[in-house]
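Since the model is a prediction, treat every value here as computed from it, not as a measurement.
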Amino acid sequence: MLTGIDHFIVAVPSPDDAARELEAALGLRAGAGGRHEEYGSFNRLIWLGDSYIELLGVADPALAGRAWFGPKALEVLGDPGGGYVGMSFASDDLESDVAALRAGGSRLRAPEAGERARPDGRAVRWKVATLPEADAQLGHLFLIEHDSASAEWTAQERAARATEEHPLGGAARLERVELPVRDMKSASMHAHRDVGLQFRPSLVGAGARDSSVGRQTLRLVPGGPGIMPVVVVHGGGEARELRALGCLWRLEPAEE
């Protein structure tokens with residue numbers, strides 16, 4: 001079962017610079033992140049409860065180019081500031097979810113183990129099921145299940161970040177991601193077949209369609225060149241916006 005939007009990936013020339021920009025403008029603080037040695041990449045993470053924004057950097061383009069996400073990451077790094085690469089959805093039983101989706105025609109590959117080394121020496125481990133290539137409209141959509149015995153995913157660490165205070169003045173939560181698409185029918189069919197998302201007409205109208213993933217929403221909106229993905233975060237006491245890293249970042253006041 002899919003339990004939520006796990007993380008949103010943005011490839012950037014410098015994760016440290018990107019982290020400073022988002023903290024200064026929005027009050028969202030990034031943690032240390034780590035390195036994917038086999039992929040030639042590294043990151044900084046902005047935790048939003050159990051969801052996070054991944055600020056992805058590339059240390060070795062040749063090695064990264066052979067990773068499943070690498071070609072897309074290198075492509076968006078060709079644009080000033082970088083941009084959106086893909087998004088993962090958390091599963092509480094990845095093997096079963098992948099089997100059911102593949103029986104319905106999904107192109108998801110069999111789950112593979114992944115690992116990231118943290119600066120403190122601890123390892124973060126997970127299983128991930130990816131598609132053969134990035135979708136031209138949606139980027140990389142994939143499923144992930146975290147190892148609850150590894151770093152960052154123990155019960156104690158999850159409880160601690162549930163109340164983590166960001167500089168904006170309190171906790172923050174990922175509320176919604178909006179992806180612009182040129183062909184709504186094709187995009188929604190792809191997301192339904194391959195990762196199991198169910199879409200409905202959005203209450204905002206204008207041809208948008210929503211999919212609920214746990215307590216969060218993926219919204220597809222009609223759009224073409226120049227229309228940015230939108231990341232909506234709830235937290236703090238005032239609304240803020242920032243256009244950076246190839247996306248529109250929108251901070252909305254936390255609901256009472």
Worksheet item: For Glu164 and Trp47, which heavy atoms make the closest approach, and how far apart are they?
Response: OE1-CB, 3.8 Å

Worksheet item: Between Trp68 and His140, does the ring centre distance come in under 6.0 Å?
Response: yes

Item to complete: Check the pair Val231, Leu248 against side-chain contact (heavy atoms from CB on, under 4.5 Å), reporting the backbone distance first and the verdict last.
Response: CA-CA 6 Å; Val231 180; Leu248 171 62; over 6 Å; no

Discussion item. For His234 versus Pro253, what's the shortest heavy-atom pair and its separation?
Written reply: CG-O, 4.4 Å

Discussion item. Ignoring hydrogens and geometry beyond distance, is a side-chain donor-acceptor pair present between Asp210 and Thr217 at under 3.5 Å?
Written reply: no

Discussion item. Please evaluate residues Lys72 and Glu75 with respect to the criterion salt bridge (Lys or Arg N to Asp or Glu O under 4.0 Å), reporting the C-alpha separation (whole Å), side-chain torsions for both, the decisive distance (0.1 Å), and the verdict.
Written reply: CA-CA 5 Å; Lys72 180 64 175 178; Glu75 174 190 328; 3.8 Å; yes

Worksheet item: Any side-chain heavy-atom pair from Val58 and Leu77 closer than 4.5 angstrom?
Response: yes

Fill in: Hydrophobic cluster identity match, Tyr84 and Val195, side-chain contacts under 4.5 Å
yes

Discussion item. Around atom CD of Glu38, are there more than 12 heavy atoms from other residues, nucleotides or ligands closer than 6.0 Å?
Written reply: yes

Fill in: Interatomic distance, Ser88 atom OG to Ile9 atom CD1 [nearest 0.5 angstrom]
6.5 Å

Worksheet item: Shared ILVMFWY cluster between Val181 and Ile5, side chains joined below 4.5 angstrom?
Response: yes

Worksheet item: Are the side chains of Leu220 and Leu138 in touch, meaning some heavy atoms are under 4.5 Å apart?
Response: yes

Worksheet item: Looking at side-chain heavy atoms only, is the closest gap between Pro167 and Glu23 below 4.5 Å?
Response: yes

Discussion item. For the residue pair Gln216 / Ser51, report whether a side-chain donor-acceptor contact shorter than 3.5 Å exists.
Written reply: yes

Item to complete: Give the C-alpha distance, both sets of side-chain angles, the deciding distance and a yes or no for salt bridge (Lys or Arg N to Asp or Glu O under 4.0 Å) between Glu152 and Arg116.
Response: CA-CA 11 Å; Glu152 298 176 0; Arg116 167 170 55 84; 2.8 Å; yes

Fill in: Side chain Arg44, main chain Gly33, donor-acceptor under 3.5 Å
no

Discussion item. Can a donor-acceptor pair be found, under 3.5 Å and without considering hydrogens, that links the side chain of Arg209 to the backbone of Leu218?
Written reply: no

Worksheet entry | Distance, nearest 0.5 Å, that separates CE of Met228 from CG of Leu245 | 9.0 Å

Practice prompt. Decide yes or no for Val233 and Leu168: does some side-chain heavy atom of the first lie under 4.5 Å from some side-chain heavy atom of the second?
Written response: no

Fill in: Pair His7 + Phe142: ring centers closer than 6.0 Å
yes

Worksheet item: Hey, what do you get for CG (Asp135) to NE2 (His190), rounding to the nearest 0.5 Å?
Response: 4.0 Å

Discussion item. Has Ser96 got a side-chain atom pairing as donor or acceptor with Asp93's backbone, closer than 3.5 angstrom?
Written reply: no

Worksheet item: Which pair of non-hydrogen atoms, one from Ala171 and one from Ala162, has the smallest distance, and what is that distance?
Response: CB-O, 4.2 Å

Worksheet item: Side-chain contact, heavy-atom cut-off 4.5 Å: Ile144 with Leu94?
Response: no

Practice prompt. Please step through side-chain contact (heavy atoms from CB on, under 4.5 Å) for the pair Met87 and Leu179, ending with a clear verdict.
Written response: CA-CA 10 Å; Met87 180 175 12; Leu179 294 182; 3.8 Å; yes

Worksheet item: So with a 6.0 Å cut-off around CZ of Arg122, is the heavy-atom count from everything else above 12?
Response: yes

Worksheet item: Side-chain contact, heavy-atom cut-off 4.5 Å: Asp50 with His146?
Response: no

Discussion item. Nearest 0.5 angstrom please: Leu251 CG to Arg240 CZ, how far?
Written reply: 6.0 Å

Worksheet item: Under 3.5 Å, side chain of Asn43 to main-chain N/O of Gly34, donor-acceptor pair present?
Response: yes

Worksheet item: Any side-chain heavy-atom pair from Arg109 and Leu131 closer than 4.5 angstrom?
Response: no

Worksheet item: Is it true that a side-chain atom of Ser202 and a backbone atom of Gly205 form a donor plus acceptor pair closer than 3.5 Å?
Response: no

Worksheet entry | Linked, directly or transitively: Ile53 and Leu141 (ILVMFWY side chains, under 4.5 Å) | yes

Discussion item. Which heavy atom of Ala64 sits nearest to which heavy atom of Gly40, and what is that distance?
Written reply: CB-O, 4.4 Å

Item to complete: Decide whether Val124 and Phe69 are clustered together by the hydrophobic rule: side chain heavy atoms of Ile, Leu, Val, Met, Phe, Trp, Tyr closer than 4.5 Å, transitively.
Response: yes

Discussion item. Any side-chain to backbone donor/acceptor pair from Ser106 onto Asp194? Under 3.5 Å, distance only.
Written reply: yes

Worksheet entry | Cation-pi check, Arg176 onto Trp249 ring (under 6.0 Å, within 45° of axis) | no

Worksheet entry | Exceeds 12 heavy-atom contacts within 6.0 angstrom, atom CZ of Arg158 | no

Practice prompt. Just jot down the ring pair (Phe, Tyr, Trp, His ring centres under 6.0 Å) partners of Phe89, sequence neighbours excluded, or say none.
Written response: none

Item to complete: Might you work through the side-chain contact (heavy atoms from CB on, under 4.5 Å) test for Leu2 and Asp97, ending with a clear yes or no?
Response: CA-CA 8 Å; Leu2 302 187; Asp97 284 338; 4.1 Å; yes

Response to the item:
Shortest non-hydrogen pair, Pro61 vs Leu74, comes out as O-CD1, 3.7 Å

Item to complete: Report yes if some heavy atom in the side chain of Val10 is under 4.5 Å from a heavy atom in the side chain of Val85; otherwise report no.
Response: no

Worksheet entry | By salt bridge (Lys or Arg N to Asp or Glu O under 4.0 Å) - contacts of Arg243 (at least two apart) | none

Practice prompt. Say whether, by atom type as modelled, one donor and one acceptor occur between the side chain of Arg161 and the main chain of Gly49 under 3.5 angstrom.
Written response: yes

Fill in: Worked verdict on Glu175 versus Arg215 for salt bridge (Lys or Arg N to Asp or Glu O under 4.0 Å)
CA-CA 8 Å; Glu175 177 71 13; Arg215 300 177 63 180; over 6 Å; no

Worksheet item: Do Asp183 side-chain atoms and Ser186 backbone N/O form a donor-acceptor pair below 3.5 Å?
Response: yes

Discussion item. What verdict does the side-chain contact (heavy atoms from CB on, under 4.5 Å) test give for Val230 and Arg250, after you've listed the backbone C-alpha separation in whole Å, the side-chain angles of each residue and the deciding distance to 0.1 Å?
Written reply: CA-CA 7 Å; Val230 179; Arg250 180 174 296 148; 4.0 Å; yes

Item to complete: Say whether Val213 and Val221 are linked into one hydrophobic cluster, either directly or through other cluster members, by side-chain heavy-atom distances under 4.5 angstrom.
Response: no

Practice prompt. Compute the centroid of each ring, for Phe8 and then for Tyr52, and state whether the two points are separated by less than 6.0 Å.
Written response: no

Discussion item. To the closest 0.5 Å, what do you measure between CG (Leu56) and CG (Leu45)?
Written reply: 10.0 Å

Worksheet item: Side chain of Ser211, backbone of Gln198: donor and acceptor closer than 3.5 Å?
Response: yes

Worksheet item: What is the minimum heavy-atom distance between Val232 and Leu174, and which atoms define it?
Response: O-CD1, 3.7 Å

Item to complete: Enter the distance from Leu55:CG to Leu22:CG here, rounded to the nearest 0.5 Å.
Response: 6.0 Å

